[in-house]
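Each remark here refers to the structure printed beneath this line.
Chain A is the first sequence line, chain B the second, and so forth, proteins listed ahead of strands; every chain is numbered from 1. Values below: every heavy atom of this structure, side chains too, minus hydrogens, waters and symmetry copies. Everything quoted here is computed from the prediction, not taken from an experiment.
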Amino acid sequence: MSYDDVEIEDMEWNEELQAYTYPCPCGDLFQITKEDLKLGEEIARCPSCSLYITVIYNMEDFLDDQNSKKNLEPPKQQAVTVA
Amino acid sequence: MEEDDRREKEKVKEKAETQRIWSWGAGTDGQLGTGSLQDHTLPQLLRLPSLPSPISSLACGGAHVIALTSGGKVLTWGRGSSGQLGHGDVVSYVLNPKPVTSLDNYFITHGSAGWSHSAFVSDNGRLFTCGDGSFGQLGHGDYTSHCSPFRVSSFVDHFVSQVACGMRHSLVLLKGSSVNQVYGFGSGKRGQLGISRDKIKSICVPEVIRELEDKEIVEIAASGDHSAAISVDGHLHMWGRGFKGVADSHYPQRLISSLRFAKATLGWNHALALTGEGEGFMVGGNHLGVLTDPQSLNSAKQSTVNMKEANLEKIPGLDGVKIVDVVAGAEHSALVTEKREIKTWGWGEHGQLGLGDTCDQTSPLTLSLGCELNEAESIRVFCGSGFTFALTMPYDPSLH
């Protein structure tokens with residue numbers, strides 16, 4: 001039972017995890033890697049609980065990295081400004 | 001005079017020392033303040049650092065907590081990976097309550113914790129935000145994140161009275177000389193900003209919600225992709241992502257109901273509202289607060305029901321006992337009855353119901369804090385995404 005359907009453009013690229021992420025109601029993050037997306041995997045799982053979401057995306061966008069940069073603009077992780 | 005002063009200070013300190021605070025549920029980022037990353041299915045009595053004044057309220061977010069003291073000081077703990085703790089650095093997590101020293105020059109009266117951002121309001125009406133800004137949810141006119149609270153300059157000429165942080169958006173309530181105004185900023189994809197009937201991806205400069213301009217709003221709420229406001233006449237206005245069987249709304253809609261609401265609190269798929277008479281109601285969710293199942297999410301997509309026609313269900317199992325407070329987590333809920341009992345229901349996988357197991361509950365069940373409250377105490381509850389806090393407060397007869 002998928003918790004939610006989430007479009008890839010609403011997910012955030014997490015450099016540390018090397019995965020696209022989306023908030024899980026348990027407090028952790030649903031995660032899916034580019035490799036998974038290339039294989040057509042559409043389930044993003046949360047490492048801390050049993051929930052998962054269905055990722056809505058176009059597989060072709062991930063088949064070659066060049067394309068994925070052109071077609072996809074996930075919200076970039078911004079540098080945190082130290083005050 | 002000095003003697004009186006000293007006695008007063010001692011009294012406040014004594015209150016701080018006798019205050020008790022418990023937490024339970026998901027501890028994956030240290031949000032329980034127990035000093036570890038463990039989940040707990042039963043309320044844990046915390047050993048807090050000695051505070052000069054007692055905690056007056058908590059704000060719980062995705063995986064972090066903001067505590068305000070009656071002396072206007074701020075402490076935060078839990079996940080800090082986006083700078084949401086406001087300590088001036090980016091850390092994975094902070095296990096124990098730590099003061100936000102950069103706000104020491106202000107008397108903070110109000111705070112709100114979103115998924116990964118935080119907001120603070122001072123007694124002189126100033127608004128400060130920190131944490132993840134990548135959706136514009138800090139309101140600074142850009143998409144930058146900050147790890148120290150920064151004053152939101154859009155409101156320099158206004159008096160901010162409340163702030164509410166959702167997953168990726170924020171709402172602000174201004175106290176005006178003639179009318180109170182509500183502003184929204186951050187992600188607006190599901191209509192949660194309420195500023196325009198057109199689709200808005202995100203905005204980073206606060207914009208007024210015109211639909212609410214002729215209503216006297218007294219309280220605002222935000223969580224997930226939902227937003228709500230209560231007007232002085234007890235009307236509940238909701239906008240943003242739709243609930244079970246309800247379509248998204250890009251502008252505030254007044255719920256059609258003869259009830260007069262005193263409080264609204266939002267989860268990720270449900271809303272709870274409390275009337276002045278102590279009756280609690282729920283909008284959305286599946287079995288009254290338990291995790292929404294995909295069936296209902298699918299039906300929500302096909303639904304044509306407007307937000308103002310959302311169905312209110314009465315919170316069951318209370319047998320006429322009045323509710324004094326109600327709070328929603330992402331997928332669980334908690335309430336306090338006039339008998340000072342805490343009841344929880346909803347999703348329980350991380351122990352966030354505090355009932356000693358990881359089961360879901362469709363109806364409120366009473367939990368045990370493991371000790372009796374004395375006559376001079378009342379109790380308050382606060383929910384984060386997957387965790388819950390309870391706090392003893394000096395007894396307030398107006399609530400009982």
- Query: Are the side chains of A:P25 and B:H332 in touch, meaning some heavy atoms are under 4.5 Å apart?
  - Reply: no
- Task: Go through B:R241 and A:D4 one step at a time and tell me if the salt bridge (Lys or Arg N to Asp or Glu O under 4.0 Å) criterion holds.
- Result: CA-CA 13 Å; B:R241 183 181 175 142; A:D4 202 354; 3.0 Å; yes
- Query: From A:C24 SG over to B:W268 CH2, what is the distance, rounded to the nearest 0.5 angstrom?
  - Reply: 6.5 Å
- Not counting sequence neighbours, which residues clear side chain to side chain contact (heavy atoms under 4.5 Å, CB included) with A:R45? List them please. A:I43, A:Y52
- Task: Give a yes or no on this: more than 12 heavy atoms of other residues, nucleotides or ligands lie within 6.0 Å of atom OH of B:Y93.
- Result: no
- Please assess B:K201 against A:E9 for the test salt bridge (Lys or Arg N to Asp or Glu O under 4.0 Å), listing each intermediate value before the final yes or no. CA-CA 11 Å; B:K201 205 173 171 199; A:E9 65 162 30; 5.0 Å; no
- Task: Can you tell which part of A:I53 gets under 4.5 Å to a heavy atom of chain B, answering side chain, backbone, both or neither?
- Result: neither
- Message: Please classify the contact between B:D39 and chain A as side chain, backbone, both or neither, with a heavy-atom cut-off of under 4.5 Å.
- Response: neither
- Task: Only counting residues at least two apart or in another chain, list the ones meeting side chain to side chain contact (heavy atoms under 4.5 Å, CB included) with A:L39.
- Result: none
- Before giving the answer on side-chain contact (heavy atoms from CB on, under 4.5 Å), spell out for B:E349 and A:C26 the whole-Å C-alpha distance, their side-chain angles and the decisive distance to 0.1 Å. CA-CA 8 Å; B:E349 186 174 338; A:C26 82; over 6 Å; no
- Item | Spatial distance of atom OG (B:S81) from atom CG (A:N14) [nearest 0.5 Å] | 8.0 Å
- chain B contact via A:S50 - side chain, backbone, both or neither, heavy atoms under 4.5 Å: both
- Task: Quick one: closest heavy-atom pair of B:T28 and A:S48, and the distance?
- Result: CG2-OG, 3.4 Å
- Message: I'd like to check B:R168 versus A:P23 (side-chain heavy atoms, cut-off strictly below 4.5 Å). Are they in contact?
- Response: yes
- Query: Do A:D28 and B:H350 come within less than 4.5 Å of each other through their side chains, counting heavy atoms only?
  - Reply: no
- Message: If I take atom CZ from residue B:F135 and atom CG from residue A:D10, how far apart are they, to the nearest 0.5 angstrom?
- Response: 7.5 Å
